[in-house]
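Excluded from the calculations below are hydrogen atoms, water molecules and symmetry mates; all remaining heavy atoms, backbone and side chain alike, are included. We name chains A, B, ... by the order of the sequence lines, and we start the count at 1 in each one. Source: prediction; values computed, not measured.
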Amino acid sequence: MQKIAPPKSIESLLHRAHALSGRKLAEIAAECRQPIPSSQKRAKGWIGQLLELALGADGGSQALHDFLALGVELKSLPIAENGYARESTYVCTVPLTDLTGCSWSESWIARKLHRVLWIPVEAFRHQSLGERRVGQPILWQPNSWETSALQADWEELVEFIALGDVEEINGQFGQYLQIRPKAADAKARRLGINVDGYNSLTLPRGFYLRPKFTKQILDRNLYFVSE
DNA sequence: CAATGATCATCC
DNA sequence: GGATGATCATTG
């Protein structure tokens, strides 16, 4: 695929994103010369990567914003029949060391979520991957309520990690922001700290936004996936 | 190898 | 049906 240049402005990015809305993934994939996988079982990130390609994201797989120059994060959101995201939304890796002195506003997760371009994509049960339609993009910046809600969850979670209690965290922590495993498999290990403050190996984890959080973003916007 | 793009698979 | 824990492909 010939890469398209990153958008030079937010307006240009939004223009591109609006041009995708209402269209089927099959059409977009054809234009980007991308084959459609027969299933997502072995192509879990396919939609996100297709949209990156179509919109000219340049952040790659590094810990950087998707649109470097614009400081914008791109997220696809699979929309179920009930209007909720079918899945939680991965944001970034959870830091497991050097937690002391880190505030919410300085954290990588807060900076990533400072500006997000959400692209809703239909994910109805009867649909094939190619026939799923892209919805209206939503350029989002957290409002004060959303910021406080995320910050509150984050502070609770990070305190556990900082005290060496990361093993006690499970997916039930956090009203809107949760921590879940994010690894090749359950045997993966990353450096962390234990209760005695010593280095120890633990499962790598990620921050995820619950569907009840992303639903509020969807509800504030007209994103209608169907025509 | 680790961070990214996420969805899958199972349990309740 | 929803949520949690497990997993897959790609990239720098």
With heavy atoms under 4.0 Å as the rule, sort [X] into base, sugar-phosphate or nothing.
{"X": "Arg190(A)", "answer": "sugar-phosphate"}
{"X": "Glu81(A)", "answer": "nothing"}
{"X": "Lys182(A)", "answer": "base"}
{"X": "Phe173(A)", "answer": "nothing"}
{"X": "Ala186(A)", "answer": "sugar-phosphate"}
{"X": "Pro204(A)", "answer": "nothing"}
{"X": "Ser76(A)", "answer": "sugar-phosphate"}
{"X": "Gly45(A)", "answer": "base"}
{"X": "Ala80(A)", "answer": "nothing"}
{"X": "Lys187(A)", "answer": "nothing"}

(request) State whether Lys44(A) and Glu87(A) are salt-bridged, where the test is any N-O pair (Lys NZ or Arg NE/NH1/NH2 against Asp/Glu carboxylate O) under 4.0 Å. (result)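 No salt bridge links Lys44(A) with Glu87(A).
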
(message) So that I can tick it off, tell me whether Arg86(A) and Glu122(A) are bridged by a salt bridge, with the cut-off set at under 4.0 angstrom between side-chain N and carboxylate O.
(response)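 Arg86(A) and Glu122(A): not salt-bridged.
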
(message) Going 5' to 3' along DNA chain B, between which two nucleotides do contacts with chain A fall, using a heavy-atom cut-off of 4.0 Å?
(response)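 Taking any atom under 4.0 Å from a heavy atom of chain A, the span is dA2(B) to dA9(B).
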
(request) Rounded off to whole Å, could you give me the CG-to-P distance for the Asp185(A) and dC8(C) pair? (result)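 To the nearest whole Å, that distance equals 7 Å.
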
(message) Can you measure Leu50(A) atom CG to dA9(C) atom P for me and round it to whole angstrom units?
(response)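 Taking atom P of dA9(C) as the reference, CG of Leu50(A) is at 18 Å.
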
N/O contacts under 3.5 Å, protein versus nucleotides 10-12 of chain C?
from, atom 1, to, atom 2, distance (Å)
dT11(C), O2, Ser61(A), OG, 2.8

Keeping the roles fixed (side chain from [X], backbone from [Y]), state whether a donor-acceptor pair exists under 3.5 Å.
{"X": "Asp58(A)", "Y": "Leu68(A)", "value": "yes"}
{"X": "Asn194(A)", "Y": "Asp196(A)", "value": "yes"}
{"X": "Lys112(A)", "Y": "Val91(A)", "value": "yes"}

(message) Between Trp145(A) and Tyr176(A) (judged by ring centroids, cut-off 6.0 Å), do the two rings come close enough to count as a pair?
(response)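 Here the rings of Tyr176(A) and Trp145(A) have centres that are less than 6.0 Å from each other.
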
(request) Report, as yes or no, whether the 6.0 Å neighbourhood of atom NE2 on His15(A) holds more than 12 heavy atoms from other residues, nucleotides or ligands. (result)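 Incorrect, the count does not exceed 12.
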
(request) Using a cut-off of 6.0 Å, state whether more than 12 heavy atoms not belonging to Gln216(A) lie near its atom CD. (result)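 Correct, the count exceeds 12.
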
(request) Could you tell me whether Lys212(A) sits above the aromatic face of Tyr84(A), with NZ or CZ closer than 6.0 angstrom to the six-membered ring centre and within 45 degrees of the axis? (result)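 Relative to the ring axis of Tyr84(A), which defines the angle, Lys212(A) lies outside at least one limit.
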
(request) Please figure out whether Ile179(A) or Tyr84(A) has its closest DNA chain C nucleotide nearer the 5' end. (result)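 Closer to the 5' end of DNA chain C: Tyr84(A).
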
(request) Respond yes when some side-chain nitrogen or oxygen of Asn170(A) is under 4.0 Å from OP1 or OP2 of dA3(C), and no when none is. (result)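 No, Asn170(A) has no side-chain N/O under 4.0 Å of OP1/OP2 on dA3(C).
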
(message) Quick check on dT4(C): is either OP1 or OP2 less than 4.0 Å from any side-chain nitrogen or oxygen of Arg180(A)?
(response)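 Checking dT4(C) against Arg180(A), no side-chain N or O comes under 4.0 Å of OP1 or OP2.
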
(request) Between Trp108(A) and Arg132(A), name the one whose nearest nucleotide on DNA chain B is closer to the 5' end. (result)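 Checking each residue's closest nucleotide, the 5'-ward one belongs to Trp108(A).
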
(message) Checking Ser88(A) against Arg180(A): is there a side-chain donor and acceptor pair closer than 3.5 Å?
(response)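 Arg180(A) vs Ser88(A): donor-acceptor pair found between side chains.
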
